[in-house]
Student: 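Below are the structure tokens for one structure; questions will follow.
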Amino acid sequence: MNAAVQTPEPTASATDFKDDRQVDLSLLVRGYEVVIGFETHSQLSTQSKIFSRASTAFGAEANTQACAVDLALPGTLPVMNKGAVERAIQFGLAINAKVAPRSIFARKNYFYPDLPKGYQISQFEIPVVQGGSVEFLLGDVKKSVRLVRAHLEEDAGKSLHEDFIGQSGIDLNRAGTPLLEIVTEPDMRSSAEAVAYAKELHKIVTWIGICDGNMQEGSFRCDANVSVRKPGAKFGTRREIKNLNSFKFMQQAIDYEVRWQIEQIEDGHTIEQATVLFNPDTGETRAMRTKEDAADYRYFPDPDLPPLVIADEWVARVRTEMTELPRVMATRFMTDYGLSEYDATQLTQSKATAGYFEEAAKASGQAKFASNWVTGELARRLNAQDLSITESPVSSAVLAKMLSRIADGTISNNAAKQAFDALWVGEGSDVDAVIESKGLKQMSDTGELEAIIDSVLASNAKSVEEYKAGNAKAFNALVGQAMKATKGKGNPAQVNELLKQKLG
Ligand code: ADP
Ligand code: MG
């Protein structure tokens with residue numbers, strides 16, 4: 001007999017959510033505490049489906065990529081995709097969770113036109129990833145959202161409404177696509193925190209490469225469970241906002257939902273558990289159906305699939321192959337390069353940004369400059385043109401060369417900005433050639449500088465007198481005059497030095 005049909009050991013009940021966070025009075029909305037928990041469906045980046053060899057490629061002609069297994073036609077048997085399991089393990093390790101040595105696939109029974117087989121294969125009592133947490137910064141406050149679980153499941157097909165009048169089309173290409181459903185404790189206390197959590201989670205799954213993160217194509221879909229309560233009261237009844245596929249809508253939807261729930265309660269109504277949809281055109285949420293209970297789904301272990309057994313050695317191997325995670329990398333940037341936590345966090349927003357920074361820092365030996373330029377001048381220009389860092393017209397190697405030229409005194413910071421502009425628009429790609437052709441070199445010939453300073457001192461006798469009488473400000477005025485006389489090309493440190501000598 002197949003082991004999967006034995007009764008699985010129960011884990012913590014799904015309704016046993018943690019309620020042990022301190023109330024933050026500054027976050028109350030009209031006297032109510034907001035409580036949010038997330039369920040996120042993250043599409044795993046495997047080539048083939050979770051239980052079949054059909055392709056998962058997006059955008060194919062309707063119904064060309066669902067095979068007999070995906071449709072559970074009689075006589076077919078599902079076979080677990082090892083790549084999907086490997087990605088679940090990677091996720092578990094990334095968030096410090098327990099990877100279950102043995103987990104169970106269950107059938108979640110319901111009928112919907114996009115699920116003609118009548119059940120979804122998912123994990124219920126014993127999921128593959130248990131516990132763990134996601135850490136992130138909200139402004140400069142450290143937050144940690146605990147995860148309940150992450151489980152493997154298959155996606156359903158899609159209903160198409162656009163091309164049909166009075167009818168719906170069904171495209172089953174997506175049926176059987178592997179998903180990791182990631183469920184949090186109800187730990188979040190504001191829409192801003194919820195969005196920051198979702199962004200961090202998105203960063204983690206794309207960083208470790210288990211999901212392409214494309215929200216428009218539905219590769220990363222968030223459901224926000226929202227309730228409100230008076231501080232100190234038990235959890236309120238939640239409503240679940242489905243399928244939020246942009247961070248902007250996420251915030252709008254939660255804010256609207258919170259206002260709506262508070263108004264209902266203030267008007268003497270009770271909140272009914274429901275599934276709601278957000279309409280971006282009206283900015284409102286609307287109930288789609290009252291919520292089913294787990295019991296409605298008649299979950300039972302899938303008799304076609306044995307328990308998913310993951311040996312310790314497999315987890316250990318995945319651990320050694322894991323890429324360095326963003327929080328770990330940020331900490332390393334702080335210790336290795338002396339960066340602030342804020343800068344280190346900015347630089348680890350994406351793997352590409354972190355890589356660009358580190359190449360520039362290493363090649364120039366100027367980590368602090370590199371950090372300032374990547375988060376400042378470079379980020380500003382990329383944003384303005386809506387470019388990603390991989391599309392930057394100035395490579396990390398070229399930036400590094402330029403930073404070396406600031407460091408060795410060839411150009412000033414201001415001149416560097418002009419050089420960067422020229423490199424950006426492709427007026428040249430060799431840093432030294434651009435500095436030369438634009439005449440950006442700092443004046444480092446002391447003879448030439450000295451002559452300029454002498455003439456500045458001669459024509460600013462009044463400032464010289466004031467300085468000698470003890471007016472420190474007069475010195476700054478003389479520096480200003482001297483820099484002006486060099487047309488900004490004087491090395492400020494040298495100008496200062498020479499002036500001091502001469503006024504000595
Ligand atoms: P379901 O499958 O019925 O949606 P789950 O147990 O999978 O339920 O997930 C419920 C989600 O709702 C979790 O993310 C949890 O943190 C969140 N949640 C539970 N209770 C509340 C509540 N009172 N307010 C807000 N969120 C909640
Ligand atoms: Mg759910």
Side-chain angles (χ1 to χ4, degrees), residues 10-21 23 27-29 32-42 95 97 106-110 112 119-120 122-134 143-153 156 179-191 193-195 197-198 200-201 221-244 250 253-258 260-262 264-265 270-277 285 287-299:
T11 55
S13 122
T15 49
D16 214 6
F17 293 109
K18 296 202 174 86
D19 186 8
D20 54 8
R21 300 245 133 161
V23 182
L27 291 176
L28 298 191
V29 181
Y32 287 84
E33 187 183 29
V34 176
V35 175
I36 305 166
F38 260 58
E39 293 164 89
T40 303
H41 290 91
S42 184
I95 54 141
R107 289 189 183 178
K108 180 179 182 178
N109 297 283
Y110 67 94
Y112 203 71
Y119 63 90
Q120 175 194 27
S122 181
Q123 296 191 303
F124 185 53
E125 279 103 336
I126 308 181
V128 61
V129 173
Q130 304 173 2
S133 63
V134 172
K143 295 281 177 185
S144 170
V145 169
R146 293 166 295 184
L147 297 192
V148 178
R149 59 191 277 157
H151 62 254
L152 284 162
E153 62 182 26
L179 300 177
L180 191 65
E181 179 172 337
I182 303 159
V183 184
T184 76
E185 295 285 355
D187 273 355
M188 291 159 276
R189 294 294 178 269
S190 68
S191 58
E193 186 183 358
V195 172
Y197 160 77
E200 186 67 24
L201 184 67
R221 321 193 280 268
C222 291
D223 303 342
N225 291 271
V226 180
S227 67
V228 299
R229 64 172 168 185
K230 289 283 186 183
K234 283 195 311 177
F235 278 146
T237 303
R238 70 182 199 259
R239 302 213 310 164
E240 179 176 357
I241 315 170
K242 276 291 198 199
N243 285 337
L244 293 164
M250 203 174 279
I254 296 171
D255 286 339
Y256 177 86
E257 180 63 26
V258 167
W260 184 88
Q261 289 189 16
I262 292 173
Q264 291 293 305
I265 295 170
T270 49
I271 304 294
E272 249 192 88
Q273 190 164 330
T275 301
V276 309
L277 282 182
T285 54
M288 176 164 97
R289 54 173 191 254
T290 53
K291 180 77 192 173
E292 311 78 1
D293 271 327
D296 297 328
Y297 290 120
R298 300 290 187 272
Y299 279 100

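When a residue number appears, it is its place in the shown sequence, counting from 1. Order of listing sets the numbers, starting from 1, for every ligand and every atom in it.
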Student: Quick one: which ligand 1 atoms are inside 4.0 Å of a heavy atom on E185?
Tutor: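 It comes down to these atoms of ligand 1: 16 (O).
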
Student: Please identify which atoms of ligand 1 are closer than 4.0 Å to at least one heavy atom of P186.
Tutor: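 Once the distances to P186 are compared, the set is 16 (O), 26 (N), 27 (C).
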
Student: Nearest non-hydrogen atom to atom 11 (C) of ligand 1 belongs to which of D223, V145, I182, N225?
Tutor: N225

Student: Any idea which atoms of ligand 1 are less than 4.0 Å away from a heavy-atom of F38?
Tutor: 14 (O)

Student: For N243, check side chain to side chain contact (heavy atoms under 4.5 Å, CB included) against everything at least two apart and list the hits.
Tutor: R221, D223

Student: Does ligand 1 have a heavy atom under 4.0 Å from the side chain of V183, from its backbone, from both, or from neither?
Tutor: side chain

Student: Show the atoms of ligand 1 that are less than 4.0 angstrom away from any heavy atom in F235.
Tutor: 23 (N)

Student: Counting only heavy atoms from other residues, nucleotides and ligands, does the tally under 6.0 Å from CZ of R21 exceed 12?
Tutor: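 Yes, CZ of R21 has more than 12 neighbouring heavy atoms, counting only those of other groups under 6.0 Å.
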
Student: Relative to the heavy atoms of R238, which atoms of ligand 1 are at a distance of less than 4.0 Å?
Tutor: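 The atoms of ligand 1 under 4.0 Å from a heavy atom of R238 are 1 (P), 3 (O), 4 (O), 8 (O), 10 (C), 12 (O), 18 (N), 19 (C), 20 (N), 21 (C), 22 (C), 24 (N), 25 (C), 26 (N), 27 (C).
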
Student: Would you call the rings of F124 and Y299 parallel, tilted or perpendicular, taking 30° and 60° as the class edges?
Tutor: parallel

Student: Taking only residues two or more places apart in sequence, or in another chain, which ones meet I271 in a side chain to side chain contact (heavy atoms under 4.5 Å, CB included)?
Tutor: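 Checked I271 against side chain to side chain contact (heavy atoms under 4.5 Å, CB included); matches are T237, R239, W260, Q261, Q264, I265.
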
Student: Are any non-hydrogen side-chain atoms of I182 and L147 less than 4.5 angstrom apart?
Tutor: yes

Student: Using heavy atoms and a threshold below 4.0 Å, how should the contact between E240 and ligand 1 be classified: side chain, backbone, both, or neither?
Tutor: side chain

Student: For E39, is at least one N or O under 3.5 Å away from an N or O on ligand 1?
Tutor: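 In this structure, E39 places an N or O atom under 3.5 Å from an N or O of ligand 1.
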
Student: State, with a plain yes or no, whether a side-chain heavy atom of S190 is found less than 4.5 Å away from one of V34.
Tutor: no

Student: Which ligand 1 atoms are under 4.0 Å away from a heavy-atom of G236?
Tutor: 23 (N)

Student: To the nearest 0.5 angstrom, please state how far the CZ atom of R238 sits from the CG atom of N225.
Tutor: 4.5 Å

